[in-house]
Amino acid sequence: MDVANRRISDQLHLMGQILEILDENPFKVRAYTRAAELIGRLATPVADISLEELESIEGIGTAIAQKVREMVEDGTFRELEEVKGRVPPGLVEMLALEGVGPKTVRVLWKKLHVETIEDLEKAARGHRIRALKGFGEKKEQGFLKAIANARRRQSDMRMTRQEADMVIGEVRQAMSEGTYEVAGSYRRGRSTIGDIDIVTVESPSHLNRRLRSIADEMIDEGERKSSFWCRGSRVDVRYTPSSTYGSMLLYLTGAKAFNIRLREIALGKGWRLNEYGIRDLARGTVHEFSREEDIFAFLGMDIIPPELREDWGEIDAALSHRLPALIEGSHVRGDLHVHSSWSDGSMDLEALARAGEACGYSYLLCTDHSSSLGVARGLDESALKRQSHEIEMVNRATSCQILHGVEVDILADGTTGLPSRVLKDLDVVVGSVHSAFTQETDLMTRRVLSAIGNEHVDIIGHPTGRLLGQREAYAIDMQRVIESAAETGTALECNASPYRMDIDDVHIREAVNHGGFISIGTDAHGPGDLAWMNYGVRLCRRGWAGPGNVINTLNMHDLLEWAS
DNA sequence: GCCGTTTTCGGCCCGACTGTTTTCAGTCG
């Protein structure tokens with residue numbers, strides 16, 4: 001996301017948290033929190049958006065739009081500074097502790113002058129908290145445990161999809177095949193996962209016992225839901241009979257905003273929607289749903305794929321039967337970013353081709369690094385020639401054809417790491433930034449724009465350069481990149497490596513809106529990595545991409561035609 | 001603070017679990 005948008009989103013979120021501690025109107029709090037989310041998913045830098053356009057976003061009104069303008073100009077807004085002055089700064093950090101919410105923080109602050117996590121720890125150890133009305137020994141112990149947990153694991157850290165798969169693999173051992181489904185952000189295909197949500201038809205009495213055996217620690221345990229820590233991540237399990245499985249899965253899959261919106265729509269029709277079904281408020285009758293599809297039908301909507309359930313316009317589209325047809329895994333004919341042992345990959349070309357065959361692909365684009373990148377054993381002109389001969393040999397014996405490409409460096413000045421006479425002979429060229437990450441926005445943007453303008457560069461690899469949990473995206477104006485790529489017909493990569501997931505859903509959506517092309521590449525360096533394609537497809541679906549937006553759906557002939 | 005083919009004022013999703021209670025408040029998703 002845009003750096004400035006991130007900052008503004010954080011400030012709106014902070015405003016909401018402080019208002020909560022100050023015991024303000026909870027709906028005002030919700031308005032700020034919602035606005036923070038909306039700004040956070042904007043692809044365009046807010047500085048480029050007019051006041052009128054801001055207000056036209058559902059959930060942002062005149063007041064918050066004005067404050068956003070203020071932040072663009074002054075870096076903050078008057079009311080935020082004012083409320084900040086009324087609350088010790090450490091209180092907001094306390095909110096991040098498990099089981100500690102605004103009411104608790106407020107009472108501890110007012111009655112015991114607790115202003116920081118350290119103060120809280122001292123008060124709990126000194127048994128001063130149990131004296132408060134509504135608090136007891138268990139609360140004290142709970143606070144100490146929450147503090148210890150927060151110090152041990154950075155609980156606000158989101159997982160990569162691969163890490164999520166590891167946690168799910170662990171939980172799977174306690175569950176019976178065919179009785180459950182992973183819901184939540186995992187099912188929505190998000191690039192990173194906060195916690196693992198599971199819906200199951202198994203009985204809580206049996207499963208809770210087995211879950212205890214794989215849990216690091218149980219958080220809570222009941223007849224309808226249980227929560228626990230597993231491999232440092234939170235897992236929530238919801239129990240349901242199969243007769244209401246659809247309602248439960250819908251509830252546990254939807255983003256919060258999606259669920260709220262759907263329930264509001266049901267209310268408008270005189271129905272109360274929850275995870276057990278739909279109650280007709282006038283008649284008192286309850287409809288149960290074993291399948292999600294039937295709920296959408298009941299509400300008069302098209303079926304919304306899990307990846308779209310974000311309250312990002314999909315609900316109106318489903319009501320008016322205008323949902324797009326999304327790309328599917330079966331549409332993908334090949335992977336457009338893989339490395340071989342010619343550079344820093346572990347598979348030789350034949351192993352690559354066999355791996356491609358196993359995926360059912362008709363082609364793989366071999367994109368080893370160009371020689372300008374020393375660390376990755378890059379290829380120069382003569383190495384590429386030799387590689388070309390070997391590819392010809394391998395292609396005679398396999399159904400999956402290796403296309404000869406390269407991942408050429410976009411150098412600091414915007415030129416490519418290999419000259420045009422080399423690039424022009426390759427099938428498809430991916431251009432990527434691998435150095436000088438700290439350039440300021442305009443320079444970095446123009447650098448990438450010049451690669452987009454290069455007639456030999458077909459795809460921009462991992463366009464924002466982020467490494468999840470390790471390195472932020474470099475400063476780049478993605479709006480300009482997306483517009484320029486759409487104009488020239490250059491594809492932007494959706495790098496499906498779980499460490500990158502770059503570009504992410506918001507940018508894919510923006511590119512799709514501009515009629516641009518997306519290219520999915522796993523950036524595979526080893527045999528198992530080709531399976532990451534699924535992550536990329538899901539991300540593209542989140543970006544509302546159809547098969548026509550993604551060049552991996554082209555057959556080999558058309559792809560080569562497109563690239564030429 | 002946001003929003004409106006019932007409303008420019010009066011609403012704003014809904015339920016599970018825990019701890020401290022004896023009917024509920026707080027937190028969480």
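Note that these values count all heavy atoms, side chains included, but never hydrogens, waters or copies made by symmetry. The chains referred to below are lettered A, B, ... by the order of the sequence lines, with proteins before strands, and numbering in each begins at 1.
Put simply, the side chain of A/Glu202 gets close to the backbone of A/Ser176: a donor and an acceptor are under 3.5 Å apart. No donor-acceptor pair closer than 3.5 Å links the side chain of A/Asn5 to the backbone N or O of A/Arg41.
Comparing B/dG26 with B/dT21, their C1' atoms sit 13 Å apart, to the nearest whole Å. Here the separation of B/dT22 from B/dT18, taken at their C1' atoms, is 16 Å to the nearest Å. Rounded to whole Å, the separation between the C1' atoms of B/dT8 and B/dC13 comes to 24 Å. Spacing between B/dC12 and B/dT20 at atom C1', rounded to whole Å, works out to 30 Å. For B/dT6 and B/dC2, the P atoms lie 23 Å apart once the distance is rounded to whole Å.
Legend: salt bridge (Lys or Arg N to Asp or Glu O under 4.0 Å) pairs involving residues 167-187 of chain A, not counting sequence neighbours, sorted by first then second residue: A/Glu170-A/Arg231, A/Glu181-A/Arg187, A/Arg187-A/Glu292. Screening residues 173-228 of chain A for ring-ring contact (aromatic ring centres under 6.0 Å, His included), with sequence neighbours left out, gives no hits. For residues 238-254 of chain A, the pairs satisfying salt bridge (Lys or Arg N to Asp or Glu O under 4.0 Å) are A/Arg238-A/Glu275, with sequence neighbours left out. Applying the ring-ring contact (aromatic ring centres under 6.0 Å, His included) test to every pair with at least one member in residues 93-151 of chain A, sequence neighbours left out, gives no pairs at all.
In this structure, A/Pro102 reaches the sugar-phosphate backbone alone: every heavy-atom distance under 4.0 Å involves primed, P, OP1 or OP2 atoms, never a base. When heavy atoms are screened at a 4.0 angstrom cut-off, A/Glu20 is found touching no nucleic acid atom at all. No engagement by A/Leu12 is indicated, since no non-hydrogen atom pair under 4.0 Å with the nucleic acid exists. Nucleic acid contact class of A/Arg30 (heavy atoms, under 4.0 Å, all strands): sugar-phosphate only. Residue contacts for A/Val29: at a heavy-atom cut-off of 4.0 Å it reaches no nucleic acid atom on any strand shown.
Summary of the strand contacts: A/Leu95 and A/Arg34 both lie near DNA chain B, and taking for each the nucleotide with the nearest heavy atom, the more 5' one is attributed to A/Arg34. Of the residues near DNA chain B, A/Ala63 and A/Lys225, the one whose nearest nucleotide (by heavy atom distance) lies more toward the 5' end is A/Ala63.
For the segment residues 234-245 of chain A, the set of residues with a heavy atom within less than 4.0 Å of an atom of DNA chain B comprises A/Arg234, A/Asp236, A/Arg238, in numerical order. If you check residues 274-308 of chain A against DNA chain B, the residues with a heavy atom closer than 4.0 Å are A/Asn274, A/Glu275, A/Tyr276, listed by number. The stretch residues 252-267 of chain A touches DNA chain B through A/Lys256, A/Ile260, A/Arg263, A/Glu264, A/Leu267, each having a heavy atom under 4.0 angstrom from the strand.
Pairing of B/dG15, defined by two Watson-Crick or G-U wobble distances under 3.5 Å, is identified with B/dC28.
For A/Phe289, the ring-ring contact (aromatic ring centres under 6.0 Å, His included) partners at least two apart in sequence or on another chain are A/Phe298. Residues satisfying the side-chain hydrogen bond (donor to acceptor under 3.5 Å, both in side chains) criterion with A/Ser191, sequence neighbours excluded, are A/Asp504. For A/Ser226, the side-chain hydrogen bond (donor to acceptor under 3.5 Å, both in side chains) partners at least two apart in sequence or on another chain are A/Asn208.
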Only distances under 3.5 Å count here; give the side-chain donor-acceptor pairs of residues 217-224 of chain A to other protein atoms, sequence neighbours excluded, each with its distance to 0.1 Å.
residue	atom	partner	partner atom	Å
A/Glu217	OE2	A/Lys145	NZ	3.4
A/Asp220	OD1	A/Ser227	OG	3.4
A/Glu221	OE2	A/Arg212	NH1	2.3
A/Arg224	NH1	A/Tyr276	OH	3.0

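Checked for salt-bridge contact, A/Arg161 and A/Asp165 miss the test: no charged N lies under 4.0 Å from a carboxylate O.
The minimum heavy-atom distance between A/Leu51 and A/Ala65, with the atom names listed, is CD1-O, 3.6 Å.
Contact of the A/Asp23 side chain with the A/Arg106 side chain is registered, since non-hydrogen atoms from C-beta on lie closer than 4.5 Å. Counting heavy atoms from C-beta outward, A/Thr244 and A/Pro241 have side chains that approach closer than 4.5 Å.
When DNA chain B is scanned in the 5' to 3' direction for atoms under 4.0 Å from non-hydrogen atoms of chain A, the outermost contacting nucleotides are B/dG1 to B/dG29.
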